[in-house]
Visitor: 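This is the structure I have questions about; it appears just below.
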Amino acid sequence: MTDMKKLPGYLLTYLLVFILATANSFSQTRENIRPSLILQYVKINDKPALQARLTYSGENGDIPLAGKEIAFFAGGTSKLLGTLPTDENGKADFSFDTIRKSFADETGSWKFTSEFKGKDTIDAASAEISVRDITLGMTLTIIDTIKTVKIIAYTYERDKKTPLKGEVINVFVPRMFSNLTVADAKLDDNGTASIVFPSDIPGDKEGNLTIVARLTEHPVFGTVEKLVTEKWGVPTSYSVPAQHRALWTKTPPMWMIVTLSILLIGVWGHYMFAVISLVLIWIDAKRKKAKDEYKL
């Protein structure tokens, strides 16, 4: 009798062991996440930075990995520049002041590496790029009311200053949702290019515009930008009059109020008609029932 009483306890113990063993086996056979790490070099107004993005492939595309520590190295992995966690978009932007010439190889190129060591069920990942440093300059001049943008770009071969030839520099003005391209300037043999800037681009209320010259995602030089703010725009006031009615103001247009009112009246009118009809049907049924009982 004693053994029979202990039997349910034994069965429960065996069941728990089986569940734990199954769960452990499932966790071991489950595949780890294999992330993808992308590294880019950018230089904005002579300030270099490394941009890393950590993602993995999902059913609906790339999914960012947030809060993961990324290490940045110069000269391969010989010099640790620093570490940063990724943001909600899986990005980590590491800025630094200068690049030591000792990091450069015999061709004058700098090698950078980003590394994620892996965590829990996420595998490790790394990325490496090799870039050459260039200097991008931009000057704005007005000659006989003609606004001119002059661009100069050069690099160094050891200690020799060498013009950047034949590359296309995109000149644009940042707008709210996109960039307004002004021109695509091609550098000549001296590493220079000039364009005439239009005089009808709206600026802020004082006419200020931010003009950008950019070499975008070049395989050798990365992304390099030069930004200059100048009063070359048409002064524009974006304040909305108090009585102005529009979709983006607190007071909607009158046509919208009238249309919505008609629609609401029609909807609630149908509801009232249905309720009144049901009440009339009920009253008519009561009268008919009373009449039939009276005849009897």
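Please read all numbers here as calculations on a predicted model, not as lab measurements. Only this structure's heavy atoms are used, side chains among them; waters, hydrogens and symmetry mates stay out.
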Visitor: Taking Ile63 as the starting point, is it possible to reach Phe116 by hopping between hydrophobic residues whose side chains are less than 4.5 Å apart?
Guide: yes
Visitor: For the residue pair Ser109 and Arg132, what are the closest heavy atoms and their distance?
Guide: OG-CG, 3.2 Å
Visitor: Counting C-beta onward and ignoring hydrogens, is there a side-chain heavy-atom pair between Lys43 and Asp133 closer than 4.5 Å?
Guide: yes
Visitor: Within this structure, what is the CD1-CG distance for the pair Ile169 and Leu215, rounded to the nearest 0.5 Å?
Guide: 4.5 Å
Visitor: With a cut-off of under 6.0 Å to the ring centre and 45° to the axis, is Lys161 in cation-pi contact with Tyr156?
Guide: no
Visitor: Mind checking whether Tyr41 and Phe112 have parallel, tilted or perpendicular rings, split at 30° and 60°?
Guide: parallel
Visitor: Do Glu230 and Leu209 have side-chain heavy atoms sitting under 4.5 Å apart?
Guide: no
Visitor: Hey, any chance Leu180 and Ile195 share a hydrophobic cluster, counting ILVMFWY side chains that come within less than 4.5 Å of each other, even indirectly?
Guide: yes
Visitor: Apply the test side-chain contact (heavy atoms from CB on, under 4.5 Å) to residues Arg175 and Asn179: give CA-CA distance (whole Å), side-chain angles for both, the deciding distance (0.1 Å), then the verdict.
Guide: CA-CA 5 Å; Arg175 301 281 84 176; Asn179 296 325; over 6 Å; no
Visitor: Going through the checks in order, is the side-chain contact (heavy atoms from CB on, under 4.5 Å) test met by Thr139 and Ile152?
Guide: CA-CA 9 Å; Thr139 56; Ile152 183 170; over 6 Å; no
Visitor: Quick one: pull up OG1 in Thr216 and NE2 in His218 and give me the separation to the nearest 0.5 Å.
Guide: 10.5 Å
Visitor: Angle class for the Tyr271/Trp268 ring planes (parallel below 30°, perpendicular above 60°, tilted otherwise)?
Guide: perpendicular
Visitor: Starting at CZ of Arg53, measure out to CG of Asn89 and round the result to the nearest 0.5 Å.
Guide: 6.5 Å
Visitor: Does one hydrophobic cluster hold both Val234 and Phe172, with members joined at side-chain heavy-atom distances below 4.5 Å?
Guide: no
Visitor: With hydrophobic residues grouped by side-chain heavy-atom distances under 4.5 Å, do Ile211 and Leu187 end up in a single group?
Guide: yes
Visitor: Is there side-chain contact between Thr162 and Tyr154, with heavy atoms separated by less than 4.5 Å?
Guide: no
Visitor: With rounding to the nearest 0.5 Å, note down the distance linking CD1 in Ile122 to CG in Leu65.
Guide: 5.0 Å
Visitor: Quick one: closest heavy-atom pair of Thr148 and Ser194, and the distance?
Guide: CG2-CB, 4.3 Å
Visitor: Could you check if a side-chain atom of Phe72 sits within less than 4.5 angstrom of a side-chain atom of Leu80, using non-hydrogen atoms only?
Guide: no
Visitor: Looking at every non-hydrogen atom in both residues, tell me the closest pair between Gly203 and Thr236 and how far apart they are.
Guide: O-CB, 3.5 Å
Visitor: Apply side-chain contact (heavy atoms from CB on, under 4.5 Å) to residues Ile146 and Val196 and explain how you reach the verdict.
Guide: CA-CA 7 Å; Ile146 297 177; Val196 176; 3.9 Å; yes
Visitor: Rounded to the nearest 0.5 Å, how far apart are CG of Asp46 and OG1 of Thr135?
Guide: 6.0 Å
Visitor: How long is the straight-line distance from CG of Asp184 back to CZ of Arg214, given to the nearest 0.5 Å?
Guide: 12.0 Å
Visitor: With a 4.5 Å limit on heavy-atom distance, are the side chains of Arg34 and Asp123 in contact?
Guide: yes
Visitor: Please find the pair of heavy atoms, one from Pro64 and one from Thr55, that lie closest to each other, and give the distance.
Guide: CA-CG2, 3.9 Å
Visitor: Before you tell me yes or no, could you show the steps for Glu217 and Thr223 under side-chain hydrogen bond (donor to acceptor under 3.5 Å, both in side chains), namely the whole-Å CA-CA distance, both residues' side-chain angles and the distance that decides it to 0.1 Å?
Guide: CA-CA 5 Å; Glu217 295 183 0; Thr223 297; 5.2 Å; no
Visitor: Which atoms form the tightest heavy-atom contact between Ala92 and Pro85, and what is the distance?
Guide: CB-O, 4.0 Å
Visitor: In this structure, would Trp110 and Leu136 fall into the same cluster of hydrophobic residues linked by side-chain contacts under 4.5 Å?
Guide: no
Visitor: Using a 4.5 Å cut-off on heavy atoms from C-beta on, say whether the side chain of Val149 contacts that of Met138.
Guide: yes
Visitor: Using a 6.0 Å cut-off, check whether atom NZ of Lys147 has over 12 heavy atoms from anything other than its own residue.
Guide: yes
Visitor: Determine yes or no for a side-chain-to-main-chain donor-acceptor pair under 3.5 angstrom, with Asn170 supplying the side chain and Ala213 the backbone.
Guide: no
Visitor: I'd like to check Leu84 versus Ile70 (side-chain heavy atoms, cut-off strictly below 4.5 Å). Are they in contact?
Guide: no
Visitor: Answer yes or no: is there a donor N or O on one side and an acceptor on the other, between the side chain of Asp204 and the main chain of Glu206, under 3.5 Å?
Guide: yes
Visitor: Given Phe197 and Val173, is the side-chain contact (heavy atoms from CB on, under 4.5 Å) satisfied, shown in steps?
Guide: CA-CA 11 Å; Phe197 192 85; Val173 175; 3.9 Å; yes
Visitor: If only side-chain N and O atoms count, and only distance matters, is there a donor-acceptor pair under 3.5 Å linking Ser126 with Glu115?
Guide: no
Visitor: Is there side-chain contact between Asp62 and Ser57, with heavy atoms separated by less than 4.5 Å?
Guide: yes
Visitor: For the backbone of Gly67 and the side chain of Thr86, can you confirm whether one donor and one acceptor N or O come within less than 3.5 Å of each other?
Guide: yes
